[in-house]
*Asks:* 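First, the structure itself, so that you have it in front of you.
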Amino acid sequence: MPDLSVIQYEISQMTYTSPKGYSGIYDSRMIERKSDLARLEALDCGKPLDEAAWDMDDVAGCFEFFAGHAEALDKRQNAAVALPENFKCHLKKEPIGVVALITPWNYPLLMAVWKVAPALAAGCTAVLKPSELASVTCLELGDVCKEIGLPSGVLNIVTGLGHEAGAPLSSHPDVDKVAFTGSYATGQKIMVAAAPTVKPVTLELGGKSPIVVFDDVDIDKAVEWTLFGCFWTNGQICSATSRLLIHKNIAKEFVDRMVAWSKNIKVSDPLEEGCRLGPVVSEGQYEKIKKFVANAKSEGATILTGGVRPKHLEKGFFIEPTIITDINTSMEIWREEVFGPVLCVKEFSTEEEAIELANDTHYGLAGAVISGDRDRCQRLAEEIDAGCIWVNCSQPCFCQAPWGGNKRSGFGRELGEGGIDNYLSIKQVTEYTSDAPWGWYKAPAN
Ligand code: NAD
């Protein structure tokens with residue numbers, strides 16, 4: 001069993017106290033790696049350096065978390081199952097086998113580690129296929145694994161285009177499971193490719209998540225969470241709460257404050273100090289976002305702010321934080337995942353209306369509610385059909401809690417207590433303990 005906490009030490013520069021007493025040599029390498037990895041991540045996918053550094057902390061935390069689960073697994077082995085007289089049973093949790101891990105570009109290393117750490121903790125061997133748009137930090141992970149002596153063949157990293165490198169993994173008869181994070185369209189293809197060999201798949205797909213803001217809030221605090229919920233990670237986050245439902249009593253003031261706050265967001269080279277919005281990942285993504293904005297306009301929506309290149313940035317795939325109003329629920333901008341810094345706004349009058357609008361989507365990854373009324377928050381947490389609900393915040397995500405979506409946002413849950421179980425299969429061992437013959441057939445005459 002590879003020692004995951006060693007990998008964690010190599011990657012992290014956090015000042016963890018070593019649970020296993022590793023020496024300072026790891027600490028100095030760790031510090032070196034974190035800033036390098038964060039810089040590479042920012043350069044490769046465009047996210048602000050501060051966010052990339054945050055990701056590396058989460059990467060380290062994720063290895064640490066699943067290292068603990070790898071050890072706890074031994075204690076969960078051979079659990080007895082109570083059976084009727086003459087039988088005894090115990091359960092073995094075994095690694096599923098060879099797993100294909102196919103990941104996107106928005107959190108290139110973190111999304112990979114959400115899969116690599118539990119897969120290795122479970123004792124699987126893995127083939128990681130990072131996104132062709134941002135593979136560099138995953139290759140660095142390979143380097144770290146080599147350094148710490150992970151046996152060769154345990155973690156394999158294959159780069160390449162989806163249809164050339166990802167598709168063959170999904171259909172390969174020697175791959176026992178596919179864990180995928182990416183778009184709904186690719187998720188569908190992976191399910192189809194996995195079907196002939198009846199491979200289990202877990203799918204973490206896209207979203208069009210709501211944030212519901214009531215009229216009993218501190219406006220500036222709620223504005224900041226709303227903007228963070230949509231514009232963090234350059235707006236390229238599966239769980240972005242990109243549909244704001246705002247109570248009509250405060251709608252005008254709230255939207256005015258949001259516009260003022262969003263003009264204050266620093267859009268710049270991701271390596272520049274204080275950057276809060278970098279360029280989107282590629283030209284294709286840039287053109288797609290601009291088309292969404294243009295279509296919204298032609299369908300009758302109002303682009304209140306943004307939707308264009310910032311004047312001070314002549315080059316690069318930069319787009320200003322964008323807020324769109326005058327939305328109706330048949331518009332593309334209301335229904336489709338943009339995956340860019342684009343927030344659409346709709347007013348509501350009653351709690352029932354807010355819930356109906358919140359659930360008016362094929363997706364079900366996340367949702368957020370902001371209100372001073374805790375009972376109301378709990379009611380919405382129950383009523384919104386999604387795998388993750390934030391109350392009085394949007395986006396904070398912890399490896400201790402399970403993550404995943406409902407409806408077309410996929411199925412299965414990563415992280416959390418059960419995260420390692422995605423990579424285990426359960427075998428029951430049942431024993432007949434009586435000395436008496438079974439007695440169902442008649443013994444032949446001798
Ligand atoms: P994508 O589906 O285009 O690509 C994801 C990965 O799949 C890449 O590695 C790609 O090369 C590979 N791929 C593409 N075609 C394939 C095929 N036919 N067979 C096998 N693999 C194939 O997604 P993306 O553009 O990289 O990422 C953005 C999407 O990811 C958004 O929809 C976003 O919501 C989603 N996402 C979801 C989560 C989540 O936790 N639910 C997290 C991050 C991103």
*Asks:* Can you sort out the partners of E351 under salt bridge (Lys or Arg N to Asp or Glu O under 4.0 Å), two or more places apart, ordered by chain and number?
*Replies:* R379
*Asks:* Can you name the side chain to side chain donor-acceptor pair (under 3.5 Å) partners of S171, sequence neighbours left out?
*Replies:* none
*Asks:* Taking only residues two or more places apart in sequence or in another chain, which ones pass side chain to side chain donor-acceptor pair (under 3.5 Å) with K221?
*Replies:* none
*Asks:* Using the salt bridge (Lys or Arg N to Asp or Glu O under 4.0 Å) criterion, which residues pair with D50? Sequence neighbours excluded.
*Replies:*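 Partners of D50 under the salt bridge (Lys or Arg N to Asp or Glu O under 4.0 Å) test: R276.
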*Asks:* By the ring pair (Phe, Tyr, Trp, His ring centres under 6.0 Å) test, which pairs, at least two apart or in different chains, include something from residues 180-220?
*Replies:* F214-F348
*Asks:* Please list all pairs meeting ring pair (Phe, Tyr, Trp, His ring centres under 6.0 Å) that have one or both residues in residues 257-313, counting only residues at least two apart or in different chains.
*Replies:*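 Every pair satisfying ring pair (Phe, Tyr, Trp, His ring centres under 6.0 Å) with a residue in residues 257-313: Y286-F317.
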*Asks:* Using side-chain contact (heavy atoms from CB on, under 4.5 Å) as the criterion, list what pairs up with P104, not counting sequence neighbours.
*Replies:* N106, M111, T181
*Asks:* Not counting sequence neighbours, which residues clear ring-ring contact (aromatic ring centres under 6.0 Å, His included) with F339? List them please.
*Replies:* W105
*Asks:* Which residues satisfy the ring-ring contact (aromatic ring centres under 6.0 Å, His included) test with F411, sequence neighbours excluded?
*Replies:*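 Counting only residues at least two positions away or on another chain, F411 forms no ring-ring contact (aromatic ring centres under 6.0 Å, His included).
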*Asks:* Just jot down the salt bridge (Lys or Arg N to Asp or Glu O under 4.0 Å) partners of K266, sequence neighbours excluded, or say none.
*Replies:*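 Scan of K266 (salt bridge (Lys or Arg N to Asp or Glu O under 4.0 Å), adjacent residues dropped) gives E272.
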*Asks:* With R376, which residues qualify under salt bridge (Lys or Arg N to Asp or Glu O under 4.0 Å), at least two apart?
*Replies:*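 Residues passing salt bridge (Lys or Arg N to Asp or Glu O under 4.0 Å) with R376: D216.
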*Asks:* Would S330 and N328 count as having a side-chain donor-acceptor pair, cut-off 3.5 Å?
*Replies:*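 Note: S330 and N328 side chains meet the donor-acceptor criterion.
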*Asks:* Is K346 salt-bridged to D360, going by a charged N under 4.0 Å from an acidic O?
*Replies:* no
*Asks:* For residues 205-213, which side-chain N or O atoms pair as donor and acceptor with protein atoms under 3.5 Å away, sequence neighbours left out?
*Replies:*
from	atom 1	to	atom 2	distance (Å)
K208	NZ	I333	O	2.8
K208	NZ	E336	O	2.7
S209	OG	A366	N	3.3
S209	OG	A366	O	3.1

